[in-house]
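Down below is the structure, laid out as structure tokens.
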Amino acid sequence: MNKIEAIIRPEKLDAVKDALAEAGFVGLNAVSVTGRGVQRGVIQQARGAPPVVVDMLHKVKIEVVVKEGDTEKVIDTITKAARTGNIGDGKIFVSTVADVIRIRTGERGTTAV
Amino acid sequence: MNKIEAIIRPEKLDAVKDALAEAGFVGLNAVSVTGRGVQRGVIQQARGAPPVVVDMLHKVKIEVVVKEGDTEKVIDTITKAARTGNIGDGKIFVSTVADVIRIRTGERGTTAV
Amino acid sequence: MNKIEAIIRPEKLDAVKDALAEAGFVGLNAVSVTGRGVQRGVIQQARGAPPVVVDMLHKVKIEVVVKEGDTEKVIDTITKAARTGNIGDGKIFVSTVADVIRIRTGERGTTAV
Amino acid sequence: MRQAILLRLRKRFLMNTGDTAWVLASSALVLLMTPGLAFFYGGMVRRKNVSATIMHSFMAIAIVGVVWVLWGYSLAFGPTIGGFIGNLDWIGLKDVGTQPGPYAATIPHQAFMIFQAMFAIITPALITGAFAERMKFSAFVIFIVLWLTLVYAPIAHWVWAYNADGTASGWLGKLGALDFAGGTVVHINAGFAALAAAWLVFGRRKGYGTEPMLPHNVPFIVLGAGLLWFGWFGFNAGSALSAGERATSAFVVTNTAAAAAVLGWLAIEWVHRKKPSVVGAASGAVAGLVAITPASGFVGPIPSIIIGLGAGIICYLAVQLVVRLRIDDSLAVWGVHGIGGVWGALATGLFAGIGITVWARPEGISVIQQLGLQVVGVAASAGWSFVVTLIILLALKYTIGVRVTEAEEEVGLDLSQHREESYTEV
Amino acid sequence: MRQAILLRLRKRFLMNTGDTAWVLASSALVLLMTPGLAFFYGGMVRRKNVSATIMHSFMAIAIVGVVWVLWGYSLAFGPTIGGFIGNLDWIGLKDVGTQPGPYAATIPHQAFMIFQAMFAIITPALITGAFAERMKFSAFVIFIVLWLTLVYAPIAHWVWAYNADGTASGWLGKLGALDFAGGTVVHINAGFAALAAAWLVFGRRKGYGTEPMLPHNVPFIVLGAGLLWFGWFGFNAGSALSAGERATSAFVVTNTAAAAAVLGWLAIEWVHRKKPSVVGAASGAVAGLVAITPASGFVGPIPSIIIGLGAGIICYLAVQLVVRLRIDDSLAVWGVHGIGGVWGALATGLFAGIGITVWARPEGISVIQQLGLQVVGVAASAGWSFVVTLIILLALKYTIGVRVTEAEEEVGLDLSQHREESYTEV
Amino acid sequence: MRQAILLRLRKRFLMNTGDTAWVLASSALVLLMTPGLAFFYGGMVRRKNVSATIMHSFMAIAIVGVVWVLWGYSLAFGPTIGGFIGNLDWIGLKDVGTQPGPYAATIPHQAFMIFQAMFAIITPALITGAFAERMKFSAFVIFIVLWLTLVYAPIAHWVWAYNADGTASGWLGKLGALDFAGGTVVHINAGFAALAAAWLVFGRRKGYGTEPMLPHNVPFIVLGAGLLWFGWFGFNAGSALSAGERATSAFVVTNTAAAAAVLGWLAIEWVHRKKPSVVGAASGAVAGLVAITPASGFVGPIPSIIIGLGAGIICYLAVQLVVRLRIDDSLAVWGVHGIGGVWGALATGLFAGIGITVWARPEGISVIQQLGLQVVGVAASAGWSFVVTLIILLALKYTIGVRVTEAEEEVGLDLSQHREESYTEV
Ligand SMILES: Nc1ncnc2c1ncn2[C@@H]1O[C@H](COP(=O)(O)OP(=O)(O)O)[C@@H](O)[C@H]1O
Ligand SMILES: Nc1ncnc2c1ncn2[C@@H]1O[C@H](COP(=O)(O)OP(=O)(O)O)[C@@H](O)[C@H]1O
Ligand SMILES: Nc1ncnc2c1ncn2[C@@H]1O[C@H](COP(=O)(O)OP(=O)(O)O)[C@@H](O)[C@H]1O
């Protein structure tokens with residue numbers, strides 16, 4: 001099984017999660033993060049302080065654990081839904097998950113995904 | 001070493017973290033997430049808007065990194081403490097950690113866990 | 001590619017992220033977590049309740065995905081910037097990332113890091 | 001000596017410090033309602049639109065605060081042009097001094113003026129709930145200037161303008177429609193402007209009906225409701241323009257109706273939604289305050305309980321109706337202020353004079369007749385507000401545009417309109 | 001002519017606009033205290049219980065707001081039945097008009113009534129801190145109706161009720177126990193009701209003593225304390241029922257005692273806990289405001305400093321004591337309001353008449369005697385409140401239940417009682 | 001009989017309930033400004049310093065609340081020592097009773113005293129924005145006591161102290177410098193104290209100019225601005241010490257100038273920064289309120305618009321200037337209060353008497369002369385404040401230290417100074 005972590009623009013969360021559901025991937029979790037990437041931060045100024053480049057921008061990280069074979073489909077779905085074509089669209093990281101357990105039933109492995 | 005990520009009901013955090021400590025696993029970290037799973041969301045209505053199924057529910061994700069051999073014990077401990085038997089109890093993901101470093105001392109590997 | 005997760009003191013975030021940028025690692029994301037470790041919590045008392053050891057302390061988790069070869073450099077950079085020498089400095093976990101995708105371009109693998 | 005006493009007495013009877021203190025205090029209270037509203041609304045929107053929503057109310061204070069002094073007051077309360085609008089005699093507050101004026105014998109004319117300014121401030125602020133989370137800031141600034149001039153000033157004039165001799169000069173006031181503290185001028189007016197905006201101009205928010213748009217901060221909503229309730233004592237009891245029996249009576253029924261409306265709203269919500277909600281309690285309070293507004297100087301405590309209970313139930317249903325019609329009146333302005341105002345206006349016709357001794361119904365006007373007059377008042381203000389608001393907004397829509405782009409809406413108004421975030425992360 | 005002057009004068013001396021303005025303003029201020037309390041308490045609870053905690057205070061406004069008008073005022077202030085409780089002559093505010101009433105010669109009777117309503121509202125709201133984070137909402141609604149009727153109304157009557165001729169009719173008032181603005185009626189009363197609830201009915205919250213239950217939002221606590229302080233000027237200085245020397249004196253000592261109490265609380269906390277906390281500062285302020293309440297019309301500035309400093313220290317210790325006894329009075333109602341009220345009542349006996357010229361001690365009553373009377377007042381109100389509250393709550397406990405289930409408590413009251421979350425994620 | 005009437009009349013003309021009601025209400029309003037400021041500042045700092053920032057304002061209430069009664073009022077308003085400072089005749093409020101005093105004929109002396117207390121409270125609270133996020137709490141406590149005694153009391157005396165016969169006794173007042181409600185005493189004073197602190201004592205925060213230090217909670221800022229605006233009616237209109245024409249006029253120009261200043265600030269920000277911000281709107285409001293303060297009893301509505309617009313623009317530029325100079329006046333106290341106060345003081349000289357009928361310029365003083373007097377007032381208060389504040393802070397710096405350690409600053413003042421966090425996680 002694979003874990004797919006996608007760091008996306010916060011405003012794309014709805015689109016991504018709807019697209020995933022449509023593609024059959026219901027299970028996921030999301031968390032607010034701040035991130036820094038190629039995207040240049042915006043210049044912000046607090047009332048009494050000099051303008052500063054805010055390089056850590058608000059993003060959302062979603063995590064989806066899926067069966068090996070679904071990985072590409074999920075990557076594809078996320079990429080399409082989250083893309084604006086501008087810098088700052090985010091990244092997807094794929095890693096291996098050794099086991100999955102459903103707490104309610106104790107089921108393990110792919111059936112628990 | 002393994003990383004055990006458990007997505008649990010927020011109200012079970014205390015129980016889980018106490019159970020883990022009792023089982024000898026002190027180190028862990030936790031973060032608020034919102035998640036979607038088999039559990040149907042609740043229907044919510046904002047004052048001026050139609051009722052909508054809120055499918056992203058508040059959960060807590062805890063992460064525990066342990067020695068290979070402790071994995072099952074941790075899974076067991078979490079499962080027991082977090083289970084209510086109802087849909088929405090959450091999931092546990094297990095993955096491999098290549099290395100652990102304790103920042104304070106620079107120790108590495110299993111001694112740093 | 002490797003994913004380096006570092007759990008650090010919140011007040012060290014600025015130092016760590018600046019040090020990483022200087023070392024050439026711009027991409028990263030950060031999230032607030034609460035964590036428990038060797039560090040004894042502080043004793044806190046709410047107005048009407050007994051003093052309790054608050055064992056879950058506020059930390060920041062940063063995640064950096066880098067090419068295999070950069071791993072040690074990143075670990076080193078973080079360790080140096082985040083260390084105070086006192087208990088509670090935090091930990092770093094290293095794990096393998098199978099693939100990275102840049103959402104904007106669809107590029108994959110090390111070029112996408 | 002006696003001469004002197006009489007003179008001083010006369011002066012004292014003309015200008016009364018207690019009345020002035022109360023009207024100034026009331027003006028401050030009503031001013032505070034607008035920041036209160038900012039939180040009431042700000043708590044209800046999503047995180048990405050909080051500051052922008054709050055800004056709408058804050059801008060109402062700033063813009064109307066200046067416009068009112070420059071020309072708004074003159075248009076609304078100045079010497080009448082045919083009962084329809086004031087002329088520009090009092091432009092820039094010319095001749096609006098600190099001696100008692102035509103509107104109140106015991107307080108400075110300017111005290112009346114500034115008290116009225118606060119009403120003129122909150123009314124457009126109320127409307128902003130209808131186009132929350134999607135209004136373009138630059139268009140909003142222009143809208144509020146036009147709206148105050150073309151909608152608020154005339155309707156206020158119809159209902160509340162007086163001649164120098166102390167007789168009503170606005171056509172609705174002359175007719176005998178009763179509105180003690182602004183049921184028509186403020187609430188029906190704002191409510192129907194909101195309906196025009198939400199229904200015919202703005203369209204629905206992206207994600208309406210599919211994405212949850214839950215209040216991001218319920219405590220803020222209650223903070224807002226609390227400040228509104230507090231300020232409303234100035235709104236209603238201040239409208240007596242004196243600190244005596246009338247003010248006291250208005251104060252009492254205001255509190256009672258609001259309390260009853262909370263119970264009414266929660267009762268129907270408990271049945272319908274299975275749980276009474278905190279947002280519901282806050283909404284009920286506002287509904288009750290709206291409904292008692294036109295009646296507050298005309299009824300006693302028992303009718304105020306009926307008015308309040310009715311407001312809670314009726315406004316709850318009205319809000320559900322708008323949702324059924326899939327009109328995205330985002331923060332339910334029409335249901336609470338429009339319908340709450342209509343209910344209050346009609347209830348005023350029904351209950352005026354009951355349980356109150358400081359005021360008596362005008363003789364020779366039956367309940368039915370009074371109800372008829374109230375209907376005229378409702379229809380006139382609702383109609384004018386709906387139509388002229390629509391014209392203003394459509395004119396803006398087809399010139400500079402009133403709605404942000406889809407991308408801006410997704411990102412949120414805080415960032416897209418003001419380049420700032422309401423809260424920092426980490 | 002002279003006749004006419006005299007007549008107008010007499011009328012003016014009867015009804016005074018300045019006094020009325022002040023009492024109305026004070027009523028508004030005291031109303032605002034309850035939303036203030038909502039934030040004071042709401043900031044102290046955990047995230048999952050915020051809205052439900054705020055709701056408790058808000059419901060106090062709504063429920064008591066109606067009950068007071070219907071029967072509460074009559075029971076508390078109506079013609080006495082043996083000095084123990086009012087009869088139902090004034091039910092639904094019958095005969096409570098806008099002419100000056102028996103309680104104040106220069107303001108409308110209804111102004112006095114609504115001012116008192118605000119006291120009746122905040123008192124049960126204060127109690128809610130004792131069972132915060134575990135009270136069942138439906139039971140709470142019933143509790144508040146019963147409590148107001150069976151506990152608040154009698155105690156208010158004992159202390160503050162008057163005959164038509166202006167002599168005290170309640171037995172405690174007749175006795176000569178001094179309570180200017182509600183030390184016994186409001187604070188001791190709420191404090192001992194809280195003790196009964198926390199100690200003998202509700203039991204401890206799940207996780208008490210093992211899980212941290214830290215305030216989720218300290219700024220909210222200070223916001224609440226700020227609004228309480230602000231509103232307390234109405235509470236104490238408004239209790240003069242006129243805008244003159246007495247009100248001014250009460251205003252001054254209120255501010256001074258509160259300030260001193262902050263210093264007292266922080267000083268002992270700095271020693272005991274090593275750091276002065278912001279929650280401590282807010283708590284100290286409330287403790288000082290509580291303690292000065294009964295004394296506020298009877299003492300001058302210097303005694304008020306002593307009362308305030310004492311309150312800060314004594315209440316800090318009282319709160320620690322409750323914790324030692326492992327009674328889960330969750331938001332420290334007994335320590336702050338109960339003990340603060342007792343200290344204030346006794347201090348009133350000690351210091352009454354010192355540093356103040358507008359009022360003098362009743363002749364022929366020594367300090368010791370007065371202290372004795374104060375003890376009687378404390379004991380009577382604390383005792384009645386404790387016992388009757390206990391009976392009400394136990395009756396509810398063994399019928400519909402007063403505490404949510406363990407699962408509901410874990411999930412939090414916001415979701416389990418109101419199906420809404422206070423804040424949205426992401 | 002006639003004798004009796006006259007007597008009662010005289011008493012009534014001496015003590016006026018309406019005036020007293022208004023001054024008490026105003027005192028409450030001004031008290032509320034300090035919690036308002038706590039939020040205005042608290043919203044602007046980073047998450048880790050929120051409670052500590054709020055605590056600064058709260059401590060100002062507590063400390064000054066006691067110090068003022070003990071010796072502050074006597075030093076500031078007591079019988080003069082050479083026009084420079086009051087003597088200690090009124091220590092502990094000795095002889096400051098509830099009969100009308102030398103400062104106002106129709107209200108109790110203590111009412112004037114407590115009204116002034118609120119000014120003395122907020123002034124040092126304003127300064128705290130200059131050293132926000134790095135001040136050591138223990139040093140702050142001492143600072144505020146010294147500052148009130150050595151800086152505030154003298155300057156207040158210079159400007160506002162009177163002899164028993166009702167003539168000015170402070171040297172600036174005698175000279176004829178105009179300051180209706182505290183432009184010099186409060187705002188210039190706080191602003192230049194802030195400059196001394198930020199520029200010459202504290203140095204910059206760690207991360208200044210490299211790390212973003214964005215407001216952690218914009219709604220809190222607006223809440224603060226809203227409460228400040230509300231309270232400022234008491235500040236300015238209350239300074240009339242009566243509820244009549246003067247108070248009304250001050251009320252009107254206060255609102256108008258604040259509104260205009262929001263527009264001024266946003267206009268220049270829109271041009272300069274491309275987007276109008278919500279923090280800008282709130283800042284503009286405060287700037288306008290500051291600038292109108294000294295002028296509020298002396299000008300009419302139209303000049304107030306000019307003063308407001310000017311304040312918005314000038315203060316915006318002043319804030320930018322401080323940033324250019326890389327002085328870390330963290331929450332822009334000098335730019336808003338110092339420069340806003342200077343602009344207001346000069347504008348008072350320019351516009352005094354225009355558009356107002358209740359007051360006329362002193363005869364025989366030309367605009368140029370008055371401007372000269374205003375410059376003297378500005379220079380004297382700014383100079384004294386700057387120098388003496390500097391001395392106090394340097395003395396503290398080289399003894400107990402005024403700044404937290406670098407580690408404490410990194411961790412944040414909430415944890416390091418008060419061992420509590422403002423918000424809980426999860
Ligand atoms: N190497 C990395 N490790 C972890 N997170 C990263 C890394 N690079 C980028 N990110 C995350 O991805 C987000 C978007 O990256 P960015 O480079 O701006 O996007 P794009 O590739 O579209 O230009 C960043 O804000 C950060 O949260
Ligand atoms: N495939 C998945 N990937 C990531 N997180 C998941 C996945 N499936 C479920 N989750 C997380 O687990 C939580 C509980 O899942 P759910 O299916 O409701 O529980 P249960 O298995 O007990 O019915 C979800 O809210 C979500 O946060
Ligand atoms: N086994 C673990 N798994 C996951 N997170 C851990 C683990 N051990 C420690 N942590 C995280 O690291 C933080 C610091 O750990 P701690 O043991 O206090 O530091 P140190 O090693 O410097 O004493 C903890 O607060 C927690 O968030």
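First the proteins, then the strands, lettered A, B, ... as listed; each starts at 1.
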Per-residue contact mode, F:Leu29 against chain E (heavy atom under 4.5 angstrom) | both
Under 4.5 Å to a heavy atom of chain E? For F:Leu31 that would be side chain
Closest contact, heavy atoms only, [X] versus [Y]:
X        : Y        : result
E:Thr248 : F:Pro108 : OG1-CG, 3.3 Å
E:Thr256 : F:Val66  : O-CG2, 4.3 Å
E:Gly18  : F:Thr17  : CA-OG1, 3.2 Å

Would you check, one step at a time, whether the test side-chain contact (heavy atoms from CB on, under 4.5 Å) holds for F:Lys94 with E:Ile302?
-> CA-CA 10 Å; F:Lys94 198 157 60 67; E:Ile302 299 300; over 6 Å; no
Where does E:Leu214 contact chain F at under 4.5 Å (heavy atoms): side chain, backbone, both or neither?
-> both
Measure E:Ala260 against the heavy atoms of chain F and call it side chain, backbone, both or neither at under 4.5 Å.
-> both
Highest number of heavy-atom pairs under 4.5 Å with chain E: which of F:Phe137, F:Trp68, F:Tyr423, F:Trp22?
-> F:Tyr423
Hey, are the side chains of F:Val50 and E:Val218 touching, using non-hydrogen atoms and a 4.5 Å cut-off?
-> no
Going from CD on E:Glu269 to NE2 on F:His418, what distance comes out if it is rounded to the nearest 0.5 angstrom?
-> 10.5 Å
Got a second to check how far F:Leu24's CG is from E:Phe251's CZ, nearest 0.5 Å?
->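 Nearest 0.5 Å value for the CG-CZ distance: 5.5 Å.
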Which word best sums up how the rings of E:Phe220 and F:Phe220 line up, parallel for under 30°, tilted for 30 to 60°, or perpendicular for over 60°?
->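 Geometry flag for F:Phe220 against E:Phe220: tilted rings.
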